[in-house]
Q: 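Please see the structure below; I have some questions.
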Amino acid sequence: SCERIAEIAGLTDESVCPTLVHKGLRFCGAGAFACQPILSQLPACEACGNTTAIPTWAKVADQVAHASPQDVEAARNLAPDGTWIPIAKTNGKNVFVIVVETFRSDVTEMKIQGDEVMPSFASLARQNAATGSAVSDYGITSRAILTVLSGTLHFHNGTDYMPGQLRRLGYRLNAVSAQDENWGDVKQLAGMDHFDSYFDTTMRKIDETKLSAYQRINHVLVTLDAEEVVQHVFEAVDQAPRAPQFFYINFQDLHYPYYVEEIPLRFITKGHLESSFFTAANAPQIQLQYANAANHLDQALGHFVEGLKTRGLWDNSVVVMVGDHPDSIYENGLLGHAWSLHPSQRFTPLLVVHGKGELTAPASQTDILRIVRDSLDPDANLPPLTMREDPSKKIFMIGGPLEQPRHLGFLSLHRLVQYDVVANRIQFDSSPWAIPSSLKKGSAEAQEFDQLIGLWRAELELQKQAQ
């Protein structure tokens, strides 16, 4: 499968889908990354065998070739709570937005032999507002980051991202990322190349002789350790301690294969990189390896909190910590993310420290900009942020790019609706898959399908208007 391509050295070009050869090794299918060129440019992917993407996408694209008056009206009403109103005033608090790669919700409350896996995170969650039911709207890294920073599901070069809004209010902009933020054009789109300080893994000198075969073949996955990230954060903080600061921080310690040599062995006796380890039969051992990495990340999180407190910045800072997406560890028969709307590939933790207002769960990554805006508003008479569960609330999800989705769906706390665009079939919870045209006219299912397509078309209309 495509999932194994980048793990195995020595494959011939004939063994690999042509797009993977020409565009660079990326994951496809059930793997960690969705390789869009495969599905958008080829009638069939030699690696995953998808032969229906192009004609189906073409048919679906015809549905949105011309915006109807209903689409325009839906676009106007899509965010009645004012999610996309920019941050226009501030109480001077610092803002730290932390995105954690491949963050599973179960690990935040997990105990192994009586020991908490993430005690620092768990302590913060008990004292502040947190949920394990934040939804990764797109389910992939770059689009998740852009969603968090824009408060929208449609973004481009002219989007007014959170950092730009805060710069207009006098904030110093900083970014420290464990990954290469050129991935998915995040650095350029979010304006990070114009931040006051910026550091990512591409700026660290790498000793190639110390890289594993997996890292050499996947150079884009060579990342910074969490402790290195925290160190660079405070180097930037100390450059201008009096200015209000905005920080974008990215941790990569939980990325597949959930182990690098820098990570101490706390819950495992050996870290595995070999592809033969990552099988469904080994799911419990994979989860332990993931938990071991999470414990290492949590120690760095504790050092980050202590560093802010030591500098007198903790009480004057709004801290948001959210996953870009989780990985399923065979809960849905797959290891990885990006290819399913299953809750195991969408629900991720969200923690907000010193926030204000109210948020219901499940939450969307688009909610984060609004929470930051409300938490900075000096005139808003809002209580400390609370999060409560709302079983009736559902979050709109997309698989693939907005313009050419593979999947569309709704995710609630206990319910999943998923539309497979490629196969033109829809499923409500665990009911049998059905062709949308077979749904009884006026039924609850037909109405929900119409709502799903309507939201998608409204998002496309908003993107068109923004451009």
Side-chain angles (χ1 to χ4, degrees), residues 52 56-57 59-81 83 105 131-139 147 152-154 328 331-333 339-348 358-367 387-400 402-462:
T52 60
T56 304
W57 275 355
K59 182 177 73 172
V60 175
D62 288 341
Q63 300 177 18
V64 294
H66 304 285
S68 68
Q70 291 82 2
D71 296 332
V72 176
E73 184 62 26
R76 292 195 188 102
N77 296 326
L78 201 53
D81 62 355
T83 299
S105 294
T131 179
S133 300
V135 176
S136 180
D137 304 78
Y138 275 105
T147 299
T152 75
L153 299 179
H154 50 276
S328 58
E331 290 89 349
N332 59 341
W339 214 253
S340 171
L341 303 186
H342 191 271
S344 63
Q345 294 194 12
R346 294 294 174 145
F347 276 138
T348 192
E358 181 182 18
L359 183 63
T360 56
S364 165
Q365 290 172 334
T366 62
D367 290 322
M387 295 190 193
R388 61 177 179 84
E389 292 188 346
D390 181 358
S392 66
K393 184 180 178 182
K394 55 188 179 185
I395 302 299
F396 175 57
M397 300 182 295
I398 304 169
L402 180 63
E403 302 83 357
Q404 295 180 319
R406 297 186 308 277
H407 300 96
L408 299 171
F410 289 127
L411 184 58
S412 306
L413 291 175
H414 309 293
R415 185 168 183 264
L416 170 64
V417 176
Q418 50 184 335
Y419 173 48
D420 185 332
V421 178
V422 175
N424 189 33
R425 60 179 188 166
I426 190 166
Q427 183 182 48
F428 301 88
D429 289 322
S430 58
S431 65
W433 288 90
I435 303 300
S437 60
S438 70
L439 300 176
K440 184 179 179 180
K441 187 175 181 180
S443 66
E445 290 80 5
Q447 292 179 33
E448 193 160 29
F449 174 73
D450 289 342
Q451 182 188 20
L452 186 63
I453 297 300
L455 279 172
W456 173 47
R457 294 175 66 162
E459 287 288 353
L460 285 170
E461 175 62 21
L462 284 167

Q: In sequence, state the C-alpha distance, the side-chain angles, and the governing distance for T147 and Y138, and then conclude on side chain to side chain contact (heavy atoms under 4.5 Å, CB included).
A: CA-CA 8 Å; T147 299; Y138 275 105; 3.7 Å; yes
Q: Once rounded to the nearest 0.5 Å, what's the spacing between atom OG of S136 and atom CG of L341?
A: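 The distance works out to 10.5 Å.
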Q: For residues T348 and V135, determine if any side-chain heavy atom of one lies less than 4.5 Å from a side-chain heavy atom of the other.
A: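 A side-chain contact under 4.5 Å is absent here.
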Q: Of all residues at least two apart in sequence or in a different chain, which pass the ring pair (Phe, Tyr, Trp, His ring centres under 6.0 Å) check with F449?
A: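 Only Y419 meet the ring pair (Phe, Tyr, Trp, His ring centres under 6.0 Å) criterion with F449.
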Q: Would you say that V421 contacts R406 through its side chain, given a criterion of any heavy-atom pair below 4.5 Å between the two side chains?
A: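 No; the side chains remain at least 4.5 Å from each other.
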Q: For residues A363 and I395, report the shortest heavy-atom separation together with the two atoms involved.
A: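 Here A363 and I395 meet closest at C-CD1, 4.0 Å.
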Q: Let me confirm one number: the OG-NE2 distance from S340 to H407, rounded to the nearest 0.5 Å.
A: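 Answer rounded to 0.5 Å: 7.0 Å.
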Q: With rounding to the nearest 0.5 Å, note down the distance linking CG in D420 to CD in Q427.
A: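 Between atom CG of D420 and atom CD of Q427 there are 10.0 Å.
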Q: Test D137 against F396 for side chain to side chain contact (heavy atoms under 4.5 Å, CB included), laying out the working first.
A: CA-CA 7 Å; D137 304 78; F396 175 57; over 6 Å; no
Q: Which pair of heavy atoms, one from A134 and one from T131, lies closest together, and at what distance?
A: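 Smallest heavy-atom distance, with atoms named: N-CG2, 4.1 Å.
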Q: Applying salt bridge (charged side-chain N to carboxylate O under 4.0 Å, His left out), name anything that partners E448, two or more places apart in sequence or on another chain.
A: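 For E448, the residues satisfying salt bridge (charged side-chain N to carboxylate O under 4.0 Å, His left out) (neighbours in sequence not counted) are K394, R415.
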Q: What pair of heavy atoms forms the shortest contact from F347 to G132, and how long is it?
A: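 Scanning both residues, the minimum pair turns out to be CB-O, 3.8 Å.
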Q: Of the non-hydrogen atoms in Q345 and S328, which two are nearest, and what is the gap between them?
A: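 Closest approach of Q345 to S328: NE2-OG, 3.0 Å.
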Q: Is it true that a side-chain atom of W456 and a backbone atom of Q451 form a donor plus acceptor pair closer than 3.5 Å?
A: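 No: the side chain of W456 does not pair with the backbone of Q451.
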Q: To the nearest 0.5 Å, what is the distance between OG on S133 and NZ on K393?
A: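 These two atoms lie 10.5 Å from each other.
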Q: Have S431 and D429 got a donor and an acceptor in their side chains that come within less than 3.5 Å?
A: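 Per modelled atom types, S431 and D429 side chains form no pair under 3.5 Å.
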Q: Has D367 got a side-chain atom pairing as donor or acceptor with S364's backbone, closer than 3.5 angstrom?
A: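 Indeed, once roles are kept as given, a pair shorter than 3.5 Å links the two residues.
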Q: Closest heavy-atom contact between N424 and P436?
A: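 Nearest pair, atom of N424 first, then P436: O-CD, 3.4 Å.
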Q: Taking the side chain from T152 and the backbone from H154, do they hold a donor-acceptor pair closer than 3.5 Å?
A: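 It does hold such a pair.
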Q: The criterion is side-chain contact (heavy atoms from CB on, under 4.5 Å); which residues satisfy it with E445, sequence neighbours excluded?
A: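 With sequence neighbours excluded, E445 shows a side-chain contact (heavy atoms from CB on, under 4.5 Å) to F428, L439, S443, given in chain and number order.
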Q: Report the C-alpha distance between M387 and T360 in whole Å, list the side-chain angles of each, state the deciding distance to 0.1 Å, and finish with yes or no for side chain to side chain contact (heavy atoms under 4.5 Å, CB included).
A: CA-CA 5 Å; M387 295 190 193; T360 56; over 6 Å; no
Q: A446 and G442: which non-hydrogen atoms are nearest, and at how many Å?
A: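 For A446 versus G442, the nearest heavy atoms are CB-N, 4.2 Å.
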Q: Rounded to the nearest 0.5 Å, what separation is found between the CD atom of E389 and the CG atom of L413?
A: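 Answer rounded to 0.5 Å: 5.0 Å.
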Q: Supply the atom-to-atom distance L455 CG to D450 CG, rounded to the nearest 0.5 angstrom.
A: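 Here the rounded value is 11.0 Å.
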Q: Check the pair M397, L416 against side chain to side chain contact (heavy atoms under 4.5 Å, CB included), reporting the backbone distance first and the verdict last.
A: CA-CA 10 Å; M397 300 182 295; L416 170 64; 3.7 Å; yes
